[in-house]
*Asks:* 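There's a structure below that I have some questions on.
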Amino acid sequence: MVDYCKINLENTINSGQVFLWKQIQNNWFGVNGQDVLRITDSGKIKSYAKQKIDFLREKDNLEEILRMISKDKTTRQAVKKYLGMRLLRQDPFQCLISFITSSNSNIQKIKSSLEKMSKKFGVKVKFDNQEFFLFPKPEKLANASINEIKSCGVGYRARFIKEAANRTVLEKINFEYLKKSNYQNAKEEICLIPGVGNKVADCVLLFSLNKLESFPLDRWMIRILEKYYSDKFQLETKTITEKQYGILHEKIVNHFGPYAGYSQQFLFKMERENYQKKWL
DNA sequence: GGTGAACCTCTATG
DNA sequence: ACATAGAGGTTCA
C-alpha cells in the first residue's frame, strides 16, 4: 500500500471540518445527520442507520489530486506533512447549520453549541453501547422558537439557524439539486440564506456538496495567503469584500486547479498546527 | 462598490 | 474583580 492511501483519522477529524466527533479507545464516533458513524483507525466505517455513504471520499483519486494541488513549495510541504488527511462528505443540513454557527466564533464554542443543539432537538440513540444524540431534523429546528435555539448558546445566529431549517423544510434549499448543480450556481443559491456569506457557503459546498473547487477564505487562510503567497494573490483591499473574494477565488483556482479545496485543507491544517492551537 | 460598526457568547489576558 | 480583545463572519448603514 502506498502511503497516500493510508488515512490519518485524527488529523482528518481535527481539521475544522466536523465538530461532533469523539475518540473512544481505538474508534472514532461521530454524528452525521440522522446517522452515527464509527470509524476504526484503519478507516473502516460502521453506520448506525446502515447507510452506505462514501463519508471518507474514498472514490476520490488521491494520487492525482495530491499531485495536482502540489503546485508550490508550501503546498508540497503541507501535503507531505499531513498526507493521511482527507476531506469528508458530511450530511449537508448538519454542515450548513454547523458553519452558520461557526461565524465569528471558535472551535470550542461551535462544538459546545452543536452538542447542546443535538441534545435539545435531536433523537437519542444507542450505538455500540454508547448514547448519542442525532443531529436535529430540519423540521425540529424550523418549529423551534428563537429563544429555544438561543439557549444552545448561538446568540444572534439563532434566527439564521431557524430560517435555514425552515428553507430546508420548504425545499427552498434542495441539497440533492445543489449536489448536481455547478459550483457558481450552487454558491449563489446557498448564499441567499441569511447568515451564509462567502466563507460559510464555501465550507458547505466543499464539505458536503462535493464542490472540490471551493476554497473557504477565513482569517486563517487570508493570513496564509499573505504569508506564503503575497506574490501570487495580491490583496487589493483591506477587507475581503464580496467582489474581492470572487477575484481571489478565481486566482486560487487558476493556481491550484479544480481540487483547490483539498489544498486549502492541507494549508489550513499546517498553519493551525504550526500555531499549536488546541482543537479539543 | 468599499468601509466600519454591531452583533451573541465565551475565554484569555491584564 | 472588572475591562478589553479576539474568535473558521455576516449584515447593515
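In what follows, chains carry the letters A, B, and so on, assigned in the order in which the sequence lines appear, proteins first and then strands, with residues in each chain numbered from 1. Just so it is clear, the values below take in all heavy atoms, side chains as well, and ignore hydrogens, waters and symmetry mates.
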*Asks:* To the nearest Å, give me how far apart NZ (A:Lys199) and P (C:dT10) are.
*Replies:* 7 Å

*Asks:* In whole Å, what is the span from the CD atom of A:Gln244 to the P atom of C:dG9?
*Replies:* 18 Å

*Asks:* Ring centroids only, cut at 6.0 angstrom: are A:His249 and A:Tyr183 within range, meaning strictly under it?
*Replies:*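 Between A:Tyr183 and A:His249, which both carry aromatic rings, the centre distance is below 6.0 Å.
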
*Asks:* Starting from P on C:dG9, measure out to CE on A:Met221 and report it in whole angstrom.
*Replies:*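 Nearest whole value for this atom pair: 13 Å.
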
*Asks:* Under the salt bridge (charged side-chain N to carboxylate O under 4.0 Å, His left out) criterion, do A:Lys269 and A:Glu273 qualify, and how do the steps go?
*Replies:* CA-CA 6 Å; A:Lys269 177 70 176 171; A:Glu273 293 288 316; 3.0 Å; yes

*Asks:* Which pair of non-hydrogen atoms, one from A:Leu114 and one from A:Ser98, has the smallest distance, and what is that distance?
*Replies:*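 Here A:Leu114 and A:Ser98 meet closest at CD1-OG, 3.5 Å.
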
*Asks:* To the nearest Å, give me how far apart CD1 (A:Ile107) and P (C:dG6) are.
*Replies:*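 Value for this atom pair: 19 Å.
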
*Asks:* Passes side-chain contact (heavy atoms from CB on, under 4.5 Å), A:Asp35 versus A:Phe55? Steps please.
*Replies:* CA-CA 12 Å; A:Asp35 196 5; A:Phe55 187 72; over 6 Å; no

*Asks:* Expected output check: what is the dot-bracket annotation of DNA chain B, where ( ) and [ ] are pairs inside the strand (brackets for crossing ones), | is paired with another strand, and pairs are Watson-Crick or G-U under 3.5 Å?
*Replies:* ..|||||.||||||

*Asks:* Could you tell me the separation between the CD1 atom of A:Ile161 and the P atom of C:dT11, rounded to a whole number of Å?
*Replies:*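 After rounding, the gap between these two atoms is 14 Å.
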
*Asks:* Of all heavy-atom pairs between A:Cys95 and A:Phe207, which one has the smallest distance, and what is that distance?
*Replies:*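 A:Cys95 and A:Phe207 have their closest heavy atoms at SG-CB, 3.8 Å.
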
*Asks:* Do the ring planes of A:Tyr156 and A:Phe160 sit parallel (below 30°), tilted (30 to 60°) or perpendicular (above 60°)?
*Replies:* perpendicular

*Asks:* Can you give one letter per nucleotide of nucleotides 7-14 of chain B, 5' to 3': B if a protein heavy atom sits under 4.0 Å from the base, S if only from the sugar-phosphate, - if neither?
*Replies:* BBBS----

*Asks:* Does A:Val125 offer a backbone N or O that forms a donor-acceptor pair with the side chain of A:Glu131 under 3.5 Å?
*Replies:* no

*Asks:* From CZ of A:Phe99 over to C1' of C:dG9, roughly how many Å is that when rounded to an integer?
*Replies:* 13 Å

*Asks:* On a heavy-atom basis, which atom in A:Gln265 and which in A:Ser15 lie closest, and how many Å separate them?
*Replies:*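 Taking every non-hydrogen atom into account, NE2-O, 2.8 Å.
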
